[in-house]
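Read through the structure below, which is laid out as structure tokens, and then see the notes.
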Amino acid sequence: MSVNFQKIEAKFQKKWAEEEIFKAKETKNKPKFYCLEMFPYPSGSGLHMGHAFNYTIGDVYARFKRMNNFNVLYPMGYDSMGLPAENAAIQAGEHPKKYTEKAIKNFILQQKRLGLSYDWDRMLITYEPEYYKWNQFFFLKFFEKGLVQKKLAPSNWCPKCNTVLANEQVHNGKCWRHTDTDVEVKNLEQWFIKTTAYAEELLKDIPSLNWPERIKTMQENWIGKSFGTEIAFEIPSFWDIKEKEFVFLHAFQDNSKSAFWDWLKKQIEARGGTVAFAPDLPNTNEPKIEEQINFVLKNYKFNKNTVLITHSLGGVLAMKLLPKLEEKISCLVMIAPPLKTEFKDNKKRPVLEKYCDWKFDFEKIKSRAGKIIILEDKADHIVPFGHPEEIARNLGAKYILSKGSKTHFNGNVEPEVLNCIFENWPIFTTRPDTIFGVTFMVVSAQHPRLMELVAPGQKQEIGAFLKKIKSTSEKDAFELEKEGAFTGSNAINPLTGEKVPVFAGNFVLADYGSGMVMAVPAHDQRDFEFAKKYNIPIKIVIQPKEENPEVELKEAFTGEGVLVNSKEFSGLGNKEAIEKISSDLGKKGIGKKTVQYKLRDWLVSRQRYWGTPIPIVYCEKCGIVPVPEKQLPILLPEKVKFGIGNPLATNKAFVETKCPKCRGPAQRETDTMDTFFDSSWYFLRYCDNKNQKAPFDLKKIDYWMPVDQYIGGAEHACMHLIYARFFAMALRDCGFLKFGEPFQNLFNQGMLHGEDGFVMSKSRGNVVNPIEMIEKYSADALRFYLVSIASPDKDFSWSSEGMESASKFIKKIVDYFETAKTGKSSAKMESKINKSIKEISLNIEKFEYNVAIIGIRKLFDALSKEESRGTLESFLKIIAPFCPHIAEEFWEKLGNKKMIAVAEWPVADEAKINPKFEEEEKALDKLIEDINNIVKIVKSKGKQPTKVFVYSLPQEKQLLLENIETIKTRTSLETKVFAVNDREKFDPENKAGKAKPMKPAIYLE
RNA sequence: GCGGGGAUCGGAUAGUGGCAAUUCCGCUGCCCUUAGGAGGCAGUGCCUUAGUGGCUACGGGGGUUCGAGUCCUCCUCCCCGCACCA
């Protein structure tokens, strides 16, 4: 008898679709359950076995939950923009859209053939403008919120991808998509999303997530919090302070003694500088620009040595004043200057609106100052985020984003102000206790500001060094020898006053801390190696117990000890010294305890075509202008020329536009977004995928979110899973969500390898195609095999024997149900099935599918030719999540009208579970084992037994009689059962006397 | 180096502190057979035996316990992730 699996599969796949069995609607009648798999990147080569594995795991769960009376949302979509599609399309000479469209169609067909129970109505495709429009929308929301920033930073460039990559997408110095390609570090202006703003929350929540331990620690390491101290090292070669005249201009409603002014004055004087002019401005409560300008010009003569320092509104005064000067001043430093009067606290300040016209002649201002430095407070409560930055951009000024000790730099002590004036270079260290042992500094060779430090005489040497390390960058990072070159600058140790040389080095990261480290060769192995190589002195400041300090070190001592050569701190234990030195530095305003994260901001811009256009316009007059929401979506033009570089950049129709603000000529941003932007919120769109007016309806989100079970590979631990968590938190703070953690439970499936144990790949020829397996064995057999071989979270290798075995088992089930009779089940069977229901339900719940399968096989073995309708139905229900097609088929044959996919999961009847049956079964097994053992012995003596006589205690005879058929088949012997007290028993050798409880006696003939 | 996970029959995979061994594969034997794949039954650590017994054994060493594959501790090996993070 052969079954046509293909026919059954097609029949029920059609029926599921027609009856909309899997359509999810919001309802209060049932608890909701959101089951989600990481959506695929639809490649041209179609569904691979890893996909099939992932989706089978999810589908079993969704089906199980659905049968357990949950209102299940189980959607599917396609992550369909990005580089591989673009590259593959170019190679195939096709447009990426056409190419991807085809791939998706193919994917859908293949997924349907696996019998996956998706609600296809909720499908989403990220390349559709209806979707990516909302990417742009969120980008703008983040922009408003100050979470988007364009900055010059060391960026990872993949020469194969021809674009920059996010930090997360660089693995071991290589591109995550091109494991043979080194990324190059380039200093580029790129768009960043400030994931670091949520570093703390991203870290803090991790313990509360029900995720695999592995993933949680990976994220913890990735975020990488470390506690330490920030210490300002002055690098005085920039300044000859004694020549300068410092001038202060205070803020609105302030005076020359408010905020940090007094403290700053002392700091300047301590360095030998003079404060030439620090007036109380006239009418500071109702200031008038003309009056203040006249006052300042009357009382102070600006000259080429003037260093003008302003705070807040003082900056506006400076910007109005400078164009009136004839001579250029030395330097203008503006602390938190506002650009207009739309302040963050929403308080109306008509006085300030009247203060001036708020229009600035940036070109003129620029020409009146030798150097301009602007400082912004990231947590400013008054000046809106980005104002100082915008001023800096217009002035071509040096811009520093930092954090005041009080918001808006209102503190009495503001080290950041000093840092930006004196070119202090703060460094981060976890070992402030070793500060007396600093003998040099090392700045990252990739640091954007490196050249500022290089003295004219050292330019050549540094240039040669940079060239050298670039050409050796292919070497693996970890065995790279530490190298460097002297910059010609010196730094001053703030506690000793010692001058130490500043080197550029290849072992310092540009984007961790401040890109410069204090080097303590005696107590840091890296610094030690560097010092040895360049003959830099090594100064021991921590004495390990009982060791002679005169002995020359062979390596750095990094253990605990007592401070020596450390002035007043000598004698302290080094742990204590960390605290003491930090607080001492704090008091002096040259250091503070801080935390550092390894997490970097998310670089989202890509110099490629097949992505969401970034909704930004560059206007000659207005600068960077976000596109107004009403103009969204900015469509990705379909007609483009692929060639060298980004095809958007050469597309005039796309680039040329009008400024949304001034209607003047402007250019569009031609970078597109990282596709991880798309995948960071797709799970929200599923909740309301057809919404034209909003990314989603908040009520629907409230109903479905968060995702109850997320399923996917571990490769996204530090990419997608971090971005998506960040997105949820950011959207929450933008008012879109009520929660910050989108995925409560996460399951990671293992990696599926080829039969040879290697990753499946065409070049190895070990690829097994799921559709071929479905055609050869049936979808149910494939599904059954995939979940039966190993714990789903363990890696495993494909096995064709395993596949065969699963297929045989499925056929056995089919054969059984085609011949089984409906009648009565034994109490034993009732006990067994109820126990199985209990155990298997728990196994599925815990993703122990392989154990569930073991249980199913055991249960199946126990089925007799005739079973009750309830037993048969329960069995079908149990197998339904794994092999839904045949389950439906025989469910229907039993006369059920409603489909099994929505039938109720069986409930275990505890009363029917009786351990007695198991004991009896064990005893029977033992009896059969004994008989077979004796047969073996007897045969070895040359006899051929054909009959077995079993003698039981009287009360056990009935039980044996019931099992006489079993004994027969399992021993292949004619079987007769007697009770020991039966008079007419056949017992020529008097074996009956050996019978014991649950252990009958045996005679063979 | 740091972190995570592992090590159980020939292979894979189960195993609440209570008789170690589940299921699949492989192998061996027998049965069935339309001779074709298959299917059924049994066996598969060692010894012993017309059975009801003994021994060995959960990577290795210690420990807790009446009792440990399971809990604690140290070590070895394997896999995975991160790694010049100051």
Heavy atoms from C-beta onward define the side chain here; which of G3(B), A42(B), C84(B) lies closest to that of R970(A)? A42(B)
Rounded to whole Å, how long is the line connecting atom CD1 of I937(A) with atom C1' of C47(B)? 13 Å
Sort out the partner of U13(B) for me: Watson-Crick or G-U wobble, both distances under 3.5 Å, none otherwise. none
Would you mind telling me which of A86(B), A50(B), C84(B) lies closest to the side-chain atoms of N506(A)? C84(B)
Does A14(B) have OP1 or OP2 under 4.0 Å away from a side-chain N or O of N850(A)? yes
F428(A) side-chain proximity, nearest of C19(B), U13(B), A86(B): A86(B)
As its Watson-Crick or G-U partner within any shown strand, both distances under 3.5 Å, C30(B) has G40(B)
Position toward the 5' end of RNA chain B (nearest nucleotide), V508(A) or T217(A): T217(A)
Contact state string [nucleotides 21-40 of chain B, B base, S sugar-phosphate only, - no protein heavy atom under 4.0 Å]: -BSSS------------SSS
Tell me whether the centres of the aromatic rings in F860(A) and F809(A) are closer together than 6.0 Å. yes
Interatomic distance at P, G45(B) relative to U22(B), whole Å: 11 Å
Using Watson-Crick or G-U wobble geometry with both distances under 3.5 Å, which nucleotide pairs with C77(B)? G6(B)
Regarding P432(A), tell me which of base, sugar-phosphate or nothing describes its non-hydrogen contacts under 4.0 Å with the strands shown. nothing
Taken to the nearest whole Å, NZ/K794(A) to C1'/C78(B) is 14 Å
Could you tell me how far C24(B) sits from U13(B) if I compare only their C1' atoms? Round to whole Å. 8 Å
Chi angles and distances behind the salt bridge (Lys or Arg N to Asp or Glu O under 4.0 Å) call for K593(A), E579(A): CA-CA 9 Å; K593(A) 292 191 89 174; E579(A) 296 304 316; 3.0 Å; yes
I want to verify a distance call: between G3(B), A86(B), A50(B), whose nearest atom is closest to the N221(A) side chain? G3(B)
May I ask you to decide if the ring planes of F847(A) and F747(A) are parallel, tilted or perpendicular, using 30° and 60° as cut-offs? parallel
By nearest atom, which of the nucleotides G4(B), G43(B), A50(B) is closest to the E929(A) side chain? G43(B)
To the nearest angstrom, how far is Q219(A) atom CD from G3(B) atom P? 19 Å
May I have the distance from R600(A) (atom CZ) to C82(B) (atom C1'), rounded to whole angstrom? 13 Å
Expressed as a whole number of Å, how far does the C1' atom of C32(B) sit from that of A42(B)? 15 Å
Please answer whether the main-chain N or O of L599(A) pairs with a side-chain N or O of N167(A) as donor and acceptor at a distance below 3.5 Å. no
Write down the distance separating the P atoms in G10(B) and G5(B), rounded off to the nearest Å. 28 Å
Do R600(A) and W222(A) meet the cation-pi criteria used here (NZ or CZ under 6.0 Å from the six-membered ring centre, within 45° of the axis)? no
Sequence neighbours left out, what passes salt bridge (charged side-chain N to carboxylate O under 4.0 Å, His left out) with E921(A)? Give chain and number order. K832(A)
Which is true for A1001(A) with a 4.0 Å heavy-atom rule: it touches a base, it touches only sugar-phosphate, or it touches nothing? base
Span that lies between the P atom of C82(B) and that of G37(B), in whole angstrom: 49 Å
Pairwise C1' distance, A21(B) and G69(B) [rounded to whole Å]: 11 Å
Which nucleotide wins on minimum distance to the side chain of Y1003(A), given the candidates A50(B), G5(B), U13(B)? A50(B)
Taking atom P in both G81(B) and G67(B), what distance in whole Å separates the two? 43 Å
Complementary nucleotide of G67(B), counting Watson-Crick and G-U pairs under 3.5 Å: none
Would you mind telling me which of G81(B), A42(B), G4(B) lies closest to the side-chain atoms of N932(A)? A42(B)
Ignoring hydrogens and angles, tell me if any N or O in the side chain of T487(A) forms a donor-acceptor pair with the backbone of V502(A) under 3.5 Å. yes
Is the distance from the ring center of F5(A) to that of Y777(A) below 6.0 Å? no
What interatomic distance, in whole Å, is found between P of U16(B) and the corresponding atom of A7(B)? 13 Å
Need to verify one output field. Residue with the more 5' nearest nucleotide on RNA chain B, G224(A) or E989(A)? E989(A)
Rounded to the nearest 0.5 Å, what separation is found between the CG atom of N156(A) and the CG atom of D182(A)? 11.0 Å
